[in-house]
Amino acid sequence: MKTTGIARAHTNIALIKYWGKKDKALFLPMNSSLSLTLEAFYTDTKITLDKTLEKDEFYLNNVLQQEAEIQKISKFLDLFRIPAKETRFARIESYNFVPTAAGLASSASAFAALAGAMHQAMGWDLSRSELSTYARRGSGSSTRSLFGGFVEWNQGTNSEDSMAIPIDDASWDIGMLIVVVNGAAKKISSRVGMEQTVATSPFYPAWVESAKTDLEEIKIAIQEKNFTRMGEIAEFNGMKMHATMLASQPPFCYFEPDSLIAQQQVVYLREVLGIPAYYTMDAGPNIKVLCKASDLDKVRDHFEQYFASEKLITSHPGEAMRTLTEEEWQE
Ligand code: ADP
Ligand code: DP6
Ligand code: CO
């Protein structure tokens, strides 16, 4: 007997970052975070539970993955299978419409899509926030990709209440330009980078403290639709996260020379051209420029002076995770 589930989830970019776990096994974070889901980048995943399979199989972009990757997925699917006494193995087929492991949040869309597909395959009926606690255990940032728009991952106190909460659907004048400085896979994964930071950076306690204040303040800015205030807090928060890495032992840094050029151009946009724009960066060299959707064309045009057109991707806010029909999957 075969049972399937198919889901699409979009990536999200944190404006208040998640950087550090207090419980590595359960993916409980040191601080709450808040993100914007992006329309432009997503993952589609299909799961087929099949009695005839003798082990899990995982194809990413039509390529059968290595054992270590399959083990990660098997462990994740077991979170659903074990409590339900489901003994079938699965074939997982996934397509990333986002560069994989490049600091563009592929792990976020990946595990949110996997959670959505598995939830459907199992015939469960969890709320989105409950399902986000499952996604979380694949990759922390994927907690937030269950919802669209602005989403908080409330750190909670335990595995059941560390979950995503929708904050605002971002159906106002919000956009993002992604500057792909380098689309190749990074050398230090988010997981390893944050672990090293928590263990060695003397700046880390200050990060945790100030992320709390940033989160409270950005929630007010979002509620008031105060774009400037939101951007200022996001830019400040992102750079503080990177500062913790510079102070790690050994120090490490995701910036590349072009990352700095892009940052300078964001400052130029707002200070010289009067276009409100703010930058943030994740565990990779790419720059995400938070701007108004109505300014996206102007912001993109400006960046074309410095970056090749195919390195510039504009996005509006994205939707929540959703299941796909077999017809939508085949398209
Ligand atoms: P990113 O910045 O892209 O989120 P991470 O280091 O956090 O980078 O995560 C990348 C990892 O996420 C990959 O090495 C892989 O293990 C996992 N991943 C990415 N895409 C998928 C997918 N579609 N299905 C399952 N796992 C995926
Ligand atoms: C810098 O969610 O990729 O993008 O939980 O270990 O899988 P794991 O890490 P991941 O870390 C994301 C870090 C970040 C900030 C953020 O998205 O909040
Ligand atoms: Co990631």
Side-chain angles (χ1 to χ4, degrees), residues 7-9 11-38 41-47 56 58-63 65-66 68-77 92-118 135-145 151-153 155 162 164 178 182-198 207 211 215 234 237-242 244-245 254 280-286 288:
R8 170 173 297 174
T11 63
N12 70 77
I13 297 303
L15 304 182
I16 305 300
K17 306 294 185 186
Y18 145 56
W19 194 248
K21 296 175 179 71
K22 67 173 176 228
D23 185 323
K24 280 182 235 163
L26 293 174
F27 290 73
L28 298 178
M30 288 284 205
N31 64 281
S32 299
S33 54
L34 183 143
S35 60
L36 176 66
T37 300
L38 291 186
F41 294 123
Y42 58 94
T43 297
D44 284 352
T45 297
K46 177 176 184 175
I47 297 184
D56 291 327
F58 170 37
Y59 294 85
L60 177 55
N61 301 332
N62 293 317
V63 178
Q65 299 296 293
Q66 305 277 332
E69 281 298 313
I70 298 178
Q71 269 176 27
K72 249 197 252 179
I73 308 276
S74 295
K75 206 173 140 204
F76 181 73
L77 299 187
I92 301 103
E93 297 157 86
S94 186
Y95 294 91
N96 275 348
F97 297 90
V98 54
T100 303
L104 291 165
S106 70
S107 68
S109 54
F111 284 95
L114 261 178
M118 194 59 178
R136 190 193 76 230
R137 295 175 68 181
S139 180
S141 55
S142 79
T143 311
R144 301 181 305 241
S145 274
V151 185
E152 178 180 350
W153 170 12
Q155 69 175 131
S162 183
I178 292 87
N182 187 344
K186 53 197 161 197
K187 293 192 183 78
I188 305 176
S189 69
S190 310
R191 195 157 303 173
V192 169
M194 65 177 80
E195 199 175 324
Q196 191 175 314
T197 307
V198 175
W207 155 260
L215 178 68
N237 183 269
M239 289 304 105
K240 281 186 287 195
M241 175 185 78
H242 287 278
T244 65
M245 304 177 210
Y254 288 108
T280 189
M281 284 177 73
D282 294 291
N286 307 312
K288 290 92 180 195

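In this text the structure is predicted, and so the values were computed from the model without any measurement. Order of listing sets the numbers, starting from 1, for every ligand and every atom in it.
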If you apply the rule side chain to side chain contact (heavy atoms under 4.5 Å, CB included), what do you find for Ile92 with Ile70, and how did you get there?
CA-CA 9 Å; Ile92 301 103; Ile70 298 178; over 6 Å; no
Any side-chain heavy-atom pair from Leu104 and Lys288 closer than 4.5 angstrom?
yes
Contacts of Ser33 meeting side-chain contact (heavy atoms from CB on, under 4.5 Å) (sequence neighbours excluded), chain-then-number -> Tyr18, Arg144, Trp153
Side chain to side chain contact (heavy atoms under 4.5 Å, CB included) assessment of Leu215 paired with Glu152
CA-CA 9 Å; Leu215 178 68; Glu152 178 180 350; 3.7 Å; yes
Students should find this: residues with any non-hydrogen atom under 4.0 Å from ligand 1. What is the answer?
Thr43, Phe58, Leu60, Glu69, Lys72, Ile73, Ser94, Asn96, Thr100, Ala101, Ala102, Gly103, Leu104, Ala105, Ser106, Ser107, Ala110, Lys186, Ser189, Ser190
At less than 4.0 angstrom from any atom of ligand 2, which residues have a non-hydrogen atom? List them by chain and residue number.
Ala14, Lys17, Tyr18, Trp19, Lys21, Phe27, Ser107, Ser139, Gly140, Ser141, Arg144, Ser190, Arg191, Met194, Met241, Asp282, Ala283
Can you tell me if Asp56 and Ser74 form a side-chain donor-acceptor pair at under 3.5 Å?
yes
Could you grab the protein N, O or S atoms closer than 2.8 Å to the Co ion (ligand 3) for me?
Ser107 OG
Side-chain heavy atoms of Phe27 within contact of Arg191, under 4.5 Å
yes
Separation of Lys72 NZ from Leu114 CG (nearest 0.5 Å)
11.5 Å
Is a donor from one side chain sitting under 3.5 angstrom from an acceptor on the other, for Asn286 and Tyr254?
no
In the structure I gave you, are the side-chain heavy atoms of Phe41 and Pro99 within less than 4.5 Å of one another anywhere?
yes
